Amino acid sequence: MLSSFSDCKRNLVDGNLAVLPTETVYGLAANGLKSEAVNKIFELKGRPANNPVILHISGLDESRPYAIITKNAEILAERFWPGPLTLLLNKKNIVPGNVTASLNTVGIRSPSNKVFRKMLNELAFPLAAPSANPSNRTSPTTSAQVLEMFGSDCPPVLDDGQTALGLESTVIDLTSKVPTILRPGHVTTGEIEDCLSSHISTKHDNLKSGKFPHKSPGNNFKHYSPKTPTMLHRSLESCIKSNELHRNELVLVYSQDAVARLNKFECTTWSLSEKGILEEVGRSLFKSLHEADTQNFKKIHLILLVEGDDLSLAINDRITRACAKQD
Ligand code: TXA
Ligand code: MG
């Protein structure tokens, strides 16, 4: 149920769970220094124990007890925190093994959402918090989606409207020789390279060269899936040519212009942005997938964006995985 700040805080202090808003997606939070509290996250989500969770802290200095802060971490935190960037760093012993899935690294992020920050400032511990969805379901961008997905098992939820960004943070591994993006997000490769004045690697590069690092188990292929069956198209043109757009099926497109091009088909068409603005697409993608699941569509058609060094990479990553059939 929806709860007050103080009820959520009491739950967290007592070693229980609370759902809190961040600027990316809602998070399922627990005391990140107490393994029994963190275990409750894994149980409720049905999350495999080999998938580590991110520790949320209010700033770089607050992260020093938990991770070895490198020069690159200082530079990136200075530029992008608070915000949607998670740094993978070598962990310190105080971090419980289940937070990091027994890896030597810990993911650290300082979220910018004001309510979340107020909670961090009032607590004496960092918050472990994955996205507040059962494993393999779509990440939530509203409190209503969280309540719907967890039903009567749902811990107290602190509502703060729709999340500002709508896609999870960029995850960058700073422990490898060359910093490597394991999950694309709002903070782009180009922005990070400019900031560090050096080349970084991306999962995409590694995929192409066959060197995909299986370092982030949560970034296995299948993820973010709506319940409704999905179908992936390479482009709007190939979607139109497929001639597979039937009545009772939904097509998600990126602008009203694209909606007009699908008028002749019997399918339902929703646009994720009036004018094709990427930030709006990012904000409404998960919301639309959740909404589609509440209606009785037989299929959801998703279309890849033309990729550039921008949010298109993160959006394509999420829709590709929403359409993946297996890990
Ligand atoms: O925006 C976000 O990052 C949201 C909000 C709530 O902060 N959180 C989130 O957490 O998306 P989660 O658990 O749903 O995704 C975190 C990803 C997972 O793919 C996980 O495998 C990876 O980060 N990760 C976390 N710690 C890691 C570690 N030590 N090594 C490798 N991958 C790690
Ligand atoms: Mg998640």
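As the structure lists them, so they are numbered: ligands from 1, and atoms in each ligand from 1. Sequential numbering from 1 along the given sequence is applied to the chain's residues. Since we're looking at a predicted model, the values are computed, not measured.
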Which ligand 1 atoms are under 4.0 Å away from a heavy-atom of G27?
-> 6 (C)
Heavy-atom nearest option to atom 27 (C) of ligand 1, drawn from S110, P52, S169, S131 = P52
Does CG belonging to D61 count more than 12 external heavy atoms closer than 6.0 Å?
-> yes
For residues R318 and L285, determine if any side-chain heavy atom of one lies less than 4.5 Å from a side-chain heavy atom of the other.
-> yes
Just wondering, are more than 12 heavy atoms of other shown residues or ligands nearer than 6.0 Å to CG in D14?
-> yes
Please say whether more than 12 non-hydrogen atoms of neighbouring residues, nucleotides or ligands are located less than 6.0 Å from NZ in K40.
-> yes
T22 N/O to ligand 1 N/O under 3.5 Å | no
Give the contacting part of T105 toward ligand 1: side chain, backbone, both or neither, where contact means a heavy-atom distance below 4.0 Å.
-> both
Taking only heavy atoms of E168, which atoms of ligand 1 are found under 4.0 Å from at least one of them?
-> 1 (O), 2 (C), 11 (O)
Hey, are the side chains of N133 and K45 touching, using non-hydrogen atoms and a 4.5 Å cut-off?
-> yes
For R109, the ligand 1 atoms whose distance to one of its heavy atoms is below 4.0 Å | 1 (O), 2 (C), 3 (O), 5 (C), 7 (O)
Side chain, backbone, both or neither: R47 near ligand 1, heavy atoms under 4.0 Å = side chain
Below 2.8 Å, any N, O or S contact between S131 and the Mg ion (ligand 2)?
-> yes
Near T24, which atoms of ligand 1 are under 4.0 Å from a heavy atom of that residue?
-> 1 (O), 2 (C), 4 (C), 5 (C)
Under 4.0 Å from any heavy atom of L103, which atoms of ligand 1 are there?
-> 30 (N)
Nearest heavy-atom neighbours spanning H233 and S242 = CE1-OG, 3.7 Å
Between E122 and K118, is there a salt bridge with N-O shorter than 4.0 Å?
-> yes
Could an N or O of ligand 1 be found under 3.5 Å from any N or O of H56, whether backbone or side chain?
-> yes
Any side-chain heavy atom of R261 sitting closer than 4.5 Å to one from L236?
-> yes
If you measure from each heavy atom of T100 to ligand 1, is any distance below 4.0 Å?
-> no
Considering only heavy atoms from C-beta outward, does the side chain of L76 approach that of L174 to under 4.5 Å?
-> yes
Quick check: does R183 get an N/O under 3.5 Å from an N/O on ligand 1?
-> yes
Please tell me if the side chains of H56 and P126 come closer than 4.5 Å, counting only heavy atoms from C-beta onward.
-> no
Counting from 1, what ligand 1 atoms have a heavy atom of N51 closer than 4.0 Å?
-> 18 (C), 20 (C), 21 (O)
What do we get for V106 next to ligand 1 when only non-hydrogen atoms under 4.0 Å count, side chain, backbone, both or neither?
-> backbone
